[in-house]
Structure formats: structure tokens, C-alpha cells
Amino acid sequence: MQDRYDPKSVEPRWQRHWEEKDLFRAGARAGAPKKYILAMLPYPSGEMHMGHVRVYAIADVLSRYNRKRGYDVLQPLGWDAFGLPAENAAIKEGLHPRIRTPKNIKTFKEDVQSLGISIDWTREIDTSEPEFYRWNQWFFLRMLERGLVYRRRAKVNFCPSCNTVLANEQVEEGFCWRCGSKVEEREIPEWAFRITKYADRLLEGLDGLDWPERVVAMQRNWIGRSDGLEIEFPVVKSKSDRFRVFTTRADTIYGATYVAAAPDHPLVQKLAPAAKKAEIAAFAEKVRVAARAVGEGAAAAEKEGIDTGIRVKNPFTSETIPVWVANFVLAGYGTGAVMAVPAHDQRDFEFAKKFELPIRFVVRPSEEDDSFDPATAQKAFTEYGVLADSGSFSGLPSEQARLAIAAEAQRRGIGSPAVNFHLRDWGISRQRYWGTPIPILYCANCDPEGHGIPVPDEDLPVVLPDIDVKEVLTGKGEPPLAKVTSWVNIHCPRCGGPARREAETMDTFVDSSWYFARYLSPHEDKAPFLREDADRWLAIDTYVGGPEHAVLHLLYFRFWTKVMAELGLTAVHEPAQRLVTQGIVKGRDGEKMSKSKGNVVSPRDIISEYGADTARLFILFAAPAEKDMDWSDEQIEGQHRFLGRVFRLFQANADKVRGKTVHASFAQGEALEIRRKTHRTIARVTQQLERLQFNTAISSLMELVNTVTGFVPKNEGDEGAIVEALESIAQLLSPFAPHLAEEMWSELGHTARRRDEELVLRPWPHADPALTAEETVNIAVQVNGKLRGQVSVSAMAAEEDIREAAAADPKIRGWIDGKTVKKVVVIPKRLVNFVVGT
RNA sequence: GCGAGAGUGGCGGAACUGGCAGACGCGCAGGCCUUAGAAGCCUGUGGGGUGACCCGUGCGGGUUCGAUUCCCGCCUCUCGCACCA
């Protein structure tokens, strides 16, 4: 044994050992139940940061723990290798992504390995390899067959810096989520996935998931199901034209005093008087410009609008009311028009105030309360209440009136129930090079309208062509692939005539939507993965990653799983049963780490100074997994000291006990107390790991180490107790600080002759219930709820005896003698409370 | 505005289904070891009085023998969504 704790020599040695013995291979325990533990697919930037350390530490503790619990554990890792940063770098520096990416992967992988993460590397995948992305193309074609992919002309977010289309979800406050440039609006054709078809299933599926509430709430919000009524407002002086509006508050229809439509509503364009048309068109353009300037507090924008001159009839009051166009009505949601009820909707209220439109109060807080005065009111009454001035519906509560009015509208054939979602279809076209080519061709002969012809399955993969970076990746103009003429121009598979390939590539969220299933059959070349492998491993038991993916990746990958289930590839409909979202690791200054702030702590530096075990321990100990945490140089010193203490504890005892046959059952006195502490610690750490409370699990271990430190064995029983304690410490520590644990384990004389004798596979220790149970317990004694003393009694003592023991205590007598004891509360093993009068 | 979460020592944080608030760690103070330091070890450490006493988990109420925990009403902070009718 070395005389000092020296992780630099210890850690690489054990990492080699694990690799040579191939101990993290999944599928090697055929009869055992499985656990699939996965950290989110990393983008291989050249440098690992502390956030990665946290994700992998969490996933690894769970993997190592479950391996020792006898599970066949799958913990793979791969690379989200396609994407914008590599391409942007190529544009700037002229270095081909195909050269840069493998270099980055290599560095990143070394960093992961230097942390001692127990990955099954035989399953490593790289999404930029044709072996992987051909299945993106395969899925695309299957989805095309099922009508889940379609071509649409859509207003899209365009980033002038990345020169690419961004999904709505990738726009943050009007800026590109990756490069931060201001996003513009453009209209171009694109391919889209019909995720909206799954909106309800995505909503319902959330119920059975063991996910953080916050993420579930964000998804619910994002999907945004809204149940209401579509109802028609017929246009006055027209036989057939009517404005269809969507409302969730049919109960307020008697208060609808105008209709508000989106500025480019088709019916407005059609029906507006000629004199108004130019004005309306100008207004529509103004609103479009304003919408483009999102991020400048668009929500706070002043209400604006124009009276179109069109008049419609409120179908319930039969009143003639105006149609206005308004900047706050969205063309893309519902019907693009709403019935405006100023008394009961805040937006309509503000609008009506500004343009002096009538405000009619038709829902009262209660039947008697008619205090609402349109002239003086500062805001709308938007709660449910009781209807007033609403014809035969007056007096009904809102909930009932909603249904009754909807039913009446339906009976009259002017309305129908309708459901709207905030969720939009997922546009996947990217005008980029470094991504999966979309397997579509255009042939003027076979497909004159340009819908696109699917590439036949046997021609997959459509391989990304090699390119001259300087010529193709200019960052300007048309999609890069369109410039690669030798690739773009091919023969049509149907007619043999000239055809052209689709030059767009797929959003990289496609890769991360199903990669977790590719790990199951990473080398399969007939299918994306095998059904038998899916049946063995899916769903992911614990998925670990950042909460920033709550509505992007985590929604797409649930969608994709449902599609895979429909294709018969798997029986599961949800990809991940449990989700752990880890908090951010902030810099020394409490700010989020970033290069520009110069507060980045490099994992490499930490590992080389303190070792991987210290880094892992610190990041798990300093805060609960889901909370943000601050980097602390002092705390990491503390963890390093703790490992040093563990080392010295073994150093002090190993020689004495190594190789001896010892019997812990002989332990008595202090040694017996050590045994109790050992077994209680086993029980606690086990429970804390099940609950993902890594920080308290580590502090339980610290307590045990503190208890054992300084104990000098004097006889056989003592030695038995200390061996048991040391073995337990090595075992319990092994998921957290695996290298030191191995070192200590071998110090105790253990060498593995067989695979199942390896520490990483050896069964997790078992807590003996006879030893975790307390024999005597300290009971708190209160008088009138205030702590006044303590008594020690047998854990088995009857309530009666506990009460007497407490009452007999001299300190307590001082508080209760001479007073009337009105009541005594006895909670066995916990406390006694005397309630006394004065 | 809506949704979710959080407010506990100087700091990070503990406290199972209401039952000894502050585990564990950091920091700090004193001591040991040392020629000195580094490392390490020991003791103490919520506040106030300093006797076995009082006060303390954001604030104000409530339920209870007993509340960090449950209920009601506020305040502050973080995150997400934000004109979705």
C-alpha cells in the first residue's frame, strides 16, 4: 500500500482493469432483470464542462449501484455529432466537420473515461455515420407512407448568421438558440412531421411517468390543449359568408359586441369595402413587421386595430356588430378570428376601451352582484360566475351555460365543439450541410408538381457527399448541398430521366429522438434495431439530463417512440420511465459558467489536481441532484480530505486484519455499536440511492467513517466488527468513488478469480435487520410541548413504562411536581409529552 | 398575467408518513504535533443571557398535546410560458 492517497496512479490502473475484464458489458447477465440507465446524448464539443461531469456522475452512480444489486445494466454513450457548431466552425476556419468531429469525440471520450464512468463502449454510436443516419432516412420514408411527413409552405424562423431555418422551439426570445443572432421571418417550403396528430396521446402519456412535475407541467403547457366551441357569425348582407370563431367561453356570447379577426384573415380580404382594403393591407404589413421584432416585449404591445366596415350578426343576441382586425389576434391559431367579449376578456376589454366599443356585462360573480360598471371598470371580469342578460340562459352558472349554449348552437347547426392545441407540427428542414440528407428526389417528368419522390429503400443510405469546404460551406446563399452538382443531379429511379436530390438536411433533433433505441442493436444493418432487443431493454429506466430539454428533445423523443410502437418496432409507448433533470453547475462567482465571464472550471484541471473520485464526490455531495449549485474550491478540498481519511483508515487497519478469518458475531461493547452503525448505514445509503439523494447518502457514509476512525481492535470480535465496517465502506463507496473503493477492497485482501467476484459486480451489502433495530432509544421528554429532558429506555418498552421512566426523571419532576398532569402523549421510540396545568 | 419550484446558522445543505430543528460538509475559533510551515489530529461553533432560562425554519393567522412539515392570507426569489381567445 502506498503511504499517501494518490489518485493519479490509482485511477488509471483501475480504469484499465475494468476495461481489460470487460466488466461493463450489457447483456452479460442473461437471466437477470435489466436496468437501462442513460445520460442524454452529448454534443461532442472539444471540451467537457462541469455540467457533463454532473450528468455522468449521476448516471454512473445509478449504473454501478444497480449492477451490484444484480441487474443487467445497460449504460451506453454516443455522440450527437451532426449540427450547427461544427458547420459554423467549418465556415469560419475551413476545417471539414468530418475531420474536426472525430477529433472532438476522441477528446471528449477520453474525458468521460478519465472520470471512470462505467460505459459499455461496444455500443458507442456516432450520428454522423451513415450506419446511423440511414435509419433517420428509413424512418422518414416510413412516416411519409403513413402521412406523418408532409411538405408545407410555412413562415419559418430564419437565422441570417447560421443561414438556416430554426424550429419555433429553437427560437429563444427572438434570437437563435445557438448563435444568438436575431431571427427573421421568411416563407419557404419545408418538410414537417405531423406531431400534432399525437397531441392527445402525448398529453395522456404524461400521467404514467415518473418525471419532475416541472417538466410535465412545461410539456402540458406546450401542448396546450384547449376545449371550446367554434361558432358562426353570419355576415350581414351576404347569403353564405360567415365568420367562424373559436371560444372557450361560450357562456359569455351575449356579451360579444364585436368580432376581432387577424389582419390577414381571408374573409376580411374578400369582404372589406374597397375603400378600406388598402388601409387594412397596410395594417397587416405593419403587424407582420412588429411580429418579426419579437423579443422586444411584443406581449406588451399596445392594442391596435381597424374597423373593417364588415358587419355580422351575433347569433344569440341577433344584434348587428362590427368586425375589426386586431394586432393581437393570431392567424395561425383556431380560426383566426374571435368573438370579442370586452366585459369578460382582458384583451377585448383593453381594445374596447381604446376604440370605444360597447362593453356588456353578462356574467356576474354571483346572482346578486351587479356592481360591475363598464364606464368605470379597470379590467374585465374573467372568472366564471352566473349569467345575466343572456336570454333564457340567464341565471345559469358559467360551467352549465357553456355547455347549454354550445348544445343550442349545435342544434341550430351554427356551431360545433372544437379542440385547439398550441403545439405545432415539427418542421425538420435545414438548409445545412452537416446533417442527414432528406431521402427525396425531384423529377420534372414523374413528379411535375414537385411534391417529391421518395428514394427507394434499397438506395439507402443517401450518403452525405464529401465536399470542398471552401467552395461549399460559404455560409451564404442556397443550401450547401445544392452546390454539389455531382451529388444533386442523378437519374430518376422511376423513369431514368434527369432528377435532382433534395438538398435539405434534417434537424438534429431527429437523431436524438430515437438514438436510445439504436444502442440496443448498434451494429444491426437490416433494421434500426431488433424487436427482441427492444423487448429486453426498453423503456429507459432512468434518463438523466438538463431541464433545458423539457419541451424540445423530450417531446420529440416521446413522439418518435409512439411512432416506433405503431411501426411494430417496440411495445413501449413512452421512452423513459423516470427522468432526472440535474441543476446547473455555476462558477465560483455564482454566475452560470461561460467563457466570456471567465469563470469556467475545467474538469480536466480538477481531475489532474484531485482525481476523478474527488470530482465525482464533490459534484454529488454539494447539492441535491436537481438543484443548481455553485462551484466551491473549499468544498472540493473537503471531499478530497474525506477520501484521504478513508485511505488512512484502511491504512491503519488493513495489515492487521488482512487474510484473517474473523467473526463479527463475537463483537461486543463498542465493537457491537460499530456493527450497528455499519448496518444502519447500509440500510440508509440503500434507501437514499433509491430516492436519488446522493448528497445525504455520502454524508451517511461520512458518519460511518467518523465512527470507525480511531477504533483500535483488541480481540477477535473487534477485528470482526472492523473488517465488516471496512468492507461495507468499500462496497458502499464504490458507486461514488469507484477507484478508491477498488483500491481499498483489494487492500483488504480480495482478489477476483471469477467475474462475479469483481467488486463492481459483487452483491451490494445487506443490512441485517437484527442490527439495524435499536436496542435502547433516547426519548425526548416534553412538558407542554417544550423539550425538558431525555430518557433512555428499551426500544421494546411499553407506553406505560416509558411514561413512568419519563415522569421519574429528576429534571422532569421539577417541571411537573405540584401541577396537574392533564394529559400524557406517548409516541413509542420518539417522545413523551406531559400536558400540565398551572 | 399564467404555470412550476424555493425561502432553515457566516455558507452548501439535513430532518421518513406532524414528534429532540441545524445531520454531513465548508468556514471560523482554540488546542496538539512541528525549529517553523504544509499535511494531519482533537475540541468548540444558531442567537441572546451566560445557572439547569428565553428566542429561533420569509411574514401574519389557524388546526394540534406538539408544526420546517398540514390549512388560509401575504412577501421575496428562481425557472418556464407569455396577446393561444
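In the text below, chain A, chain B and the rest are named by the order of the sequence lines, each starting its count at 1. All figures in this text were calculated on a predicted structure; none of them were measured in a lab.
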[options]: which one has an atom nearest the side-chain heavy atoms of [X]?
| X | options | answer |
| --- | --- | --- |
| Glu213(A) | A85(B), C26(B), A4(B) | A4(B) |
| Ala780(A) | A85(B), C24(B), C20(B) | C20(B) |
| Asn833(A) | G80(B), C53(B), C65(B) | C65(B) |
| Arg645(A) | G25(B), A21(B), C65(B) | G25(B) |
| Val825(A) | A23(B), G19(B), C54(B) | G19(B) |
| Glu703(A) | A85(B), C83(B), C24(B) | C24(B) |
| Thr247(A) | C41(B), A85(B), C81(B) | A85(B) |
| Asn221(A) | C81(B), A85(B), G27(B) | C81(B) |

So [X], base contact, sugar-phosphate only, or nothing? Heavy-atom distance under 4.0 Å.
| X | result |
| --- | --- |
| Gly638(A) | sugar-phosphate |
| Ser632(A) | nothing |
| Gln782(A) | base |
| Val835(A) | sugar-phosphate |
| Val781(A) | nothing |

Quiz prompt | First of Glu634(A) and Phe328(A) reached from the 5' end of RNA chain B, by closest nucleotide | solution = Glu634(A)
Quiz item: Closer to the 5' end of RNA chain B via nearest nucleotide, is it Asn706(A) or Ala331(A)?
Solution: Asn706(A)
Euclidean distance for [atom1], [N] against [M] (whole angstrom):
| N | M | atom1 | value |
| --- | --- | --- | --- |
| G9(B) | U64(B) | P | 30 Å |
| G18(B) | A67(B) | C1' | 6 Å |
| A36(B) | G51(B) | P | 37 Å |
| G31(B) | G37(B) | P | 12 Å |
| U78(B) | C41(B) | C1' | 42 Å |
| C59(B) | C77(B) | C1' | 15 Å |
| G62(B) | C53(B) | C1' | 29 Å |
| A23(B) | G13(B) | C1' | 10 Å |

Quiz prompt | Any N/O donor-acceptor pair, Lys822(A) side-chain to C65(B) base, under 3.5 Å | solution = no
Could you verify whether a donor N or O on one side chain and an acceptor N or O on the other, from [X] and [Y], lie under 3.5 Å apart?
| X | Y | answer |
| --- | --- | --- |
| Tyr384(A) | Arg402(A) | yes |
| Thr382(A) | His344(A) | no |
| Arg360(A) | Ser390(A) | no |
| Tyr610(A) | Glu637(A) | yes |
| Ser226(A) | Asn420(A) | no |

[N] phosphate, OP1 or OP2: any side-chain N/O from [X] under 4.0 angstrom?
| X | N | value |
| --- | --- | --- |
| Arg788(A) | G66(B) | no |
| Arg641(A) | A39(B) | no |
| Arg214(A) | U78(B) | no |
| Ser700(A) | A23(B) | no |

Self-check item: Donor-acceptor pair, side chain of Arg54(A) and main chain of Gly583(A), under 3.5 angstrom
Solution: yes
Self-check item: Of Phe243(A), Phe283(A), Phe351(A), the residue whose pairing with Trp324(A) passes ring pair (Phe, Tyr, Trp, His ring centres under 6.0 Å)
Solution: Phe351(A)
Quiz prompt | Aromatic ring pairing Tyr254(A)/Phe316(A), orientation class (parallel under 30°, perpendicular over 60°, tilted between) | solution = perpendicular
Exercise. Please report, rounded to the nearest Å, how far the P atom of G19(B) is from the NZ atom of Lys823(A).
Key: 17 Å
Quiz item: Got a minute to check which stems RNA chain B is part of, using Watson-Crick or G-U wobble pairs under 3.5 Å, three or more consecutive?
Solution: B:1-7 with B:75-81, B:10-12 with B:24-26, B:27-32 with B:40-45, B:46-48 with B:53-55, B:58-62 with B:70-74
Quiz item: Base, backbone or nothing for each nucleotide of nucleotides 6-13 of chain B, written B, S, -, heavy atoms under 4.0 angstrom, 5' to 3'?
Solution: ------BS
Self-check item: Ionic contact status for Asp207(A) with Arg220(A), cut-off 4.0 Å
Solution: yes
Self-check item: Salt-bridge criterion met for Arg249(A) and Asp251(A) (N-O under 4.0 Å)
Solution: yes
Exercise. Report the glycosidic orientation of G49(B): syn if within 90° of 0, anti in every other case.
Key: anti
Quiz item: Is the centre of the Trp222(A) ring less than 6.0 Å from the centre of the Phe421(A) ring?
Solution: no
Practice problem: Please round to the nearest 0.5 Å and tell me the distance separating atom CD of Gln346(A) and atom NZ of Lys303(A). | Solution: 8.0 Å
